[in-house]
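Heads up: the structure comes next, in structure tokens.
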Amino acid sequence: MKPYVISNVGMSLDGKLVTVGGDSRISCEEDLIRVHKLRAKVDAIMVGIGTVLKDDPRLTVHKIKSEKNPIRIVVDSSLRIPLNARVLNKEAKTIIATTEKANKEKIKALENLGVEVIVCGKERVDLKKLMEILYEKGIRSILLEGGGTLNWSMFKEGLVDEVSVYIAPMIFGGKSVSYVDGEGFKSVDEAVKLKLKNFYKLGEGIVLEFDVIK
Ligand SMILES: NC(=O)C1=CN([C@@H]2O[C@H](COP(=O)(O)OP(=O)(O)OC[C@H]3O[C@@H](n4cnc5c(N)ncnc54)[C@H](OP(=O)(O)O)[C@@H]3O)[C@@H](O)[C@H]2O)C=CC1
Ligand SMILES: Nc1nc(O)c(N)c(N[C@@H]2O[C@H](COP(=O)(O)O)[C@@H](O)[C@H]2O)n1
């Protein structure tokens with residue numbers, strides 16, 4: 001058994017999560033409120049270490065009033081996370097998923113900060129196993145908030161159930177992080193197939209919601 005996973009991003013019309021200059025301020029205020037309503041509904045929010053190192057996110061519900069903050073999950077094979085990262089603050093519980101190659105002293109240091117460290121995989125975090133462990137811990141729903149590298153692995157492993165994206169009326173161009181990166185599928189037959197279930201205008205952009213066809 002695994003948690004229900006919703007993939008969310010704010011992207012440009014050309015599918016980018018960030019400009020070549022590293023600017024990821026894509027969502028309008030209305031969309032950020034939509035995202036925070038989603039955050040308030042789920043048990044956990046998950047990101048890759050690339051996103052933590054670039055954005056130093058809080059990953060809490062801070063745009064709307066909410067009784068609780070979801071658990072924060074960071075996927076980080078070699079514990080590159082800085083000990084002063086905002087995602088490690090006391091505003092919510094944090095789980096770091098790492099691998100057997102992680103430094104034992106760093107694991108201790110994180111545990112001393114109250115962070116739960118899950119060792120799961122040899123070289124890279126074993127996402128299928130991680131989902132099973134999270135389910136066993138009572139986590140039933142996860143909002144996957146990127147970036148493009150983690151999104152690829154989650155889609156490739158068949159771990160995403162729903163897609164909810166905001167497309168801003170902007171074109172970034174260039175080679176930067178896109179919604180789903182990784183090595184990509186070679187043929188259309190292999191592609192992840194989606195069923196459109198809802199779409200609506202939000203601010204100057206559009207929200208698209210899909211179920212992943214399994
Ligand atoms: N506009 C938007 O909505 C969003 C934008 N972003 C942007 O995306 C960028 C970050 O994206 P990106 O660089 O792709 O980084 P990710 O956040 O996707 O993190 C990827 C890293 O996670 C670690 N990892 C561990 N195990 C796995 C696994 N099984 N599969 C995949 N990754 C794994 C790897 O690092 P290691 O091997 O060291 O563990 C990998 O490099 C930032 O610029 C951020 O601003 C991010 C989220 C949303
Ligand atoms: N939905 C969405 N739209 C954008 O334009 C974004 N740049 C992001 N980024 C994600 O949100 C995280 C920041 O969260 P906090 O406000 O610090 O809680 C960031 O790290 C990305 O995961 N998302």
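Reckoned from all heavy atoms, side chains included, excluding hydrogens, waters and symmetry mates. In listed order, ligands and their atoms are each counted from 1. If you read the sequence from its start, that first residue is 1, and numbering goes on from there.
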query = Counting each atom of ligand 2 from 1 as listed, which ones have a heavy atom of T51 under 4.0 Å away?
reply = 20 (O), 21 (C), 22 (O)

request  = Looking only at non-hydrogen atoms, find the nearest pair between T98 and D76 and report the distance.
outcome  = OG1-O, 2.8 Å

query = Hey, which atoms in ligand 2 end up nearer than 4.0 Å to a heavy atom of G10?
reply = 1 (N), 2 (C), 3 (N)

ask   = Do L32 and ligand 2 have an N or O pair less than 3.5 Å apart?
value = no

query = Pick from L127, L159, V180, V75: which one makes a side-chain contact (heavy atoms from CB on, under 4.5 Å) with S153?
reply = L127

message = So for ligand 2, is H36 a polar contact partner (N or O within less than 3.5 Å, distance only)?
response = no

task = Give a yes or no on whether a salt bridge exists between K197 and E162, defined as a side-chain N under 4.0 angstrom from a carboxylate O.
result = yes

remark   = Looking only at heavy atoms, the pair that brings G148 and V177 closest together is N-CG1, 3.6 Å

inquiry  = By the definition side-chain contact (heavy atoms from CB on, under 4.5 Å), identify the one residue from V47, N151, T51 that meets it with E145.
reply    = V47

note = The closest protein heavy-atom partner of atom 34 (C) of ligand 1 is R124 NH2, 4.0 Å

ask   = Counting heavy atoms only, which part of S153 comes closer than 4.0 Å to ligand 1: side chain, backbone, both or neither?
value = side chain

query = Of the protein's non-hydrogen atoms, which lies at the shortest distance from atom 21 (C) of ligand 2, and what is that distance?
reply = D55 OD2, 3.7 Å

ask   = Which residue from R25, R39, K63 reaches closest to atom 12 (C) of ligand 2 through any of its heavy atoms?
value = R39

query = Which residue supplies the protein heavy atom nearest to atom 6 (C) of ligand 2, what is that atom called, and how far is it?
reply = S24 O, 3.6 Å

query = Shortest non-hydrogen contact from P169 to G205?
reply = CD-CA, 3.9 Å

key: Which residue and heavy atom of the protein sit nearest atom 24 (N) of ligand 1, plus the separation   = V75 CG1, 3.8 Å

inquiry  = Using a 3.5 Å cut-off on N or O atoms only, is V9 in polar contact with ligand 2?
reply    = no

query = Take atom CZ in F199; do more than 12 heavy atoms of anything else shown fall under 6.0 Å from it?
reply = no

query = Which heavy atom of the protein is the closest neighbour of atom 43 (O) of ligand 1, given with residue, atom name and distance?
reply = K54 CG, 3.7 Å

Nearest non-hydrogen protein atom, atom 14 (O) of ligand 1 = T149 OG1, 2.6 Å

task = Among all protein heavy atoms, pick the one closest to atom 36 (P) of ligand 1 and tell me residue, atom and distance.
result = S77 OG, 3.6 Å

Atom NZ of K37 with >12 non-hydrogen neighbours under 6.0 angstrom = no

note = Exactly one candidate in L194, D211, V192 meets side-chain contact (heavy atoms from CB on, under 4.5 Å) with V163; the answer is L194

query = At a non-hydrogen distance cut-off of under 4.0 Å, which region of M11 contacts ligand 1 (side chain, backbone, both, or neither)?
reply = neither

message = Is there a continuous path of hydrophobic side-chain contacts, each under 4.5 Å between heavy atoms, that joins L134 to L38?
response = no

message = Using every non-hydrogen atom in the two residues, find where R124 and T99 come nearest and quote the distance to one decimal.
response = C-CG2, 3.3 Å

query = Do ligand 2 and R58 have nitrogen or oxygen atoms that lie under 3.5 Å from each other?
reply = yes

query = Does ligand 2 have a heavy atom under 4.0 Å from the side chain of I26, from its backbone, from both, or from neither?
reply = both

query = Evaluating non-hydrogen atoms only, which member of D55, V18, N8 is closest to atom 44 (C) of ligand 1?
reply = D55

request  = Can you sort out the partners of K54 under side chain to side chain contact (heavy atoms under 4.5 Å, CB included), two or more places apart, ordered by chain and number?
outcome  = none

query = Does some non-hydrogen atom of D76 fall short of 4.0 Å from ligand 1?
reply = yes

task = Quick one: look up the protein heavy atom nearest atom 23 (N) of ligand 2 and list residue, atom name and how far away it is.
result = E145 OE1, 4.2 Å

request  = For ligand 1, note which part of V9 has a heavy atom under 4.0 Å away: side chain, backbone, both or neither.
outcome  = both

request  = Please verify whether a non-hydrogen atom of V177 lies at under 4.0 Å from ligand 1.
outcome  = yes

query = Heavy-atom distance from atom 2 (C) of ligand 2 to the protein below 4.0 Å?
reply = yes

query = What part of N8, side chain from CB on, backbone N/CA/C/O, both or neither, has a heavy atom under 4.0 Å from ligand 2?
reply = side chain

message = Among residues at least two apart in sequence or on other chains, which ones pass ring pair (Phe, Tyr, Trp, His ring centres under 6.0 Å) with Y135?
response = none

inquiry  = Looking only at protein heavy atoms, which one is nearest to atom 47 (C) of ligand 1, and what is the separation?
reply    = E145 O, 2.9 Å

query = If you measure every N/O of T51 against every N/O of ligand 1, is any gap under 3.5 Å?
reply = yes

message = Any carboxylate oxygen within less than 4.0 angstrom of a Lys/Arg side-chain nitrogen, looking at E132 and K129?
response = yes

ask   = Between M131 and V5, which heavy-atom pair has the shortest distance, and what is it?
value = SD-CG2, 4.1 Å

task = Start with the C-alpha distance between D31 and S27, add both sets of side-chain angles, then the distance that settles side-chain hydrogen bond (donor to acceptor under 3.5 Å, both in side chains), and finish with yes or no.
result = CA-CA 6 Å; D31 187 52; S27 291; 2.6 Å; yes

inquiry  = Looking only at protein heavy atoms, which one is nearest to atom 13 (C) of ligand 2, and what is the separation?
reply    = P57 CB, 3.7 Å

message = Taking T149's backbone N and O only, do any of them form a donor-acceptor pair with D181's side chain (distance below 3.5 Å, no angle check)?
response = no

inquiry  = Geometry only, no angles: is S27 polar-contacting ligand 2 at N/O separations under 3.5 Å?
reply    = yes

message = Within ligand 1, which atoms have a heavy atom of I26 less than 4.0 Å away?
response = 1 (N)

query = With only distance considered, is H62 within less than 3.5 Å of ligand 2 through an N or O on each side?
reply = yes

ask   = For ligand 1, which part of V125 has a heavy atom less than 4.0 Å away: the side chain, the backbone, both, or neither?
value = both

message = Under a 4.0 angstrom heavy-atom cut-off, which atoms of ligand 1 come close to G148?
response = 11 (O), 14 (O), 18 (O)

note = Nearest non-hydrogen protein atom to atom 3 (O) of ligand 1, with distance, is G10 N, 2.9 Å

query = Quick one: nearest non-hydrogen protein atom to atom 7 (C) of ligand 1, plus distance?
reply = L17 CB, 4.3 Å

inquiry  = Using a 4.0 Å cut-off to any heavy atom of L150, which atoms of ligand 1 qualify?
reply    = 18 (O), 31 (C)

key: Sub-4.0 Å protein heavy atom next to atom 9 (N) of ligand 2   = no

ask   = For ligand 1, which atoms sit closer than 4.0 Å to a heavy atom of S24?
value = 45 (O)

query = So with a 6.0 Å cut-off around NZ of K214, is the heavy-atom count from everything else above 12?
reply = yes

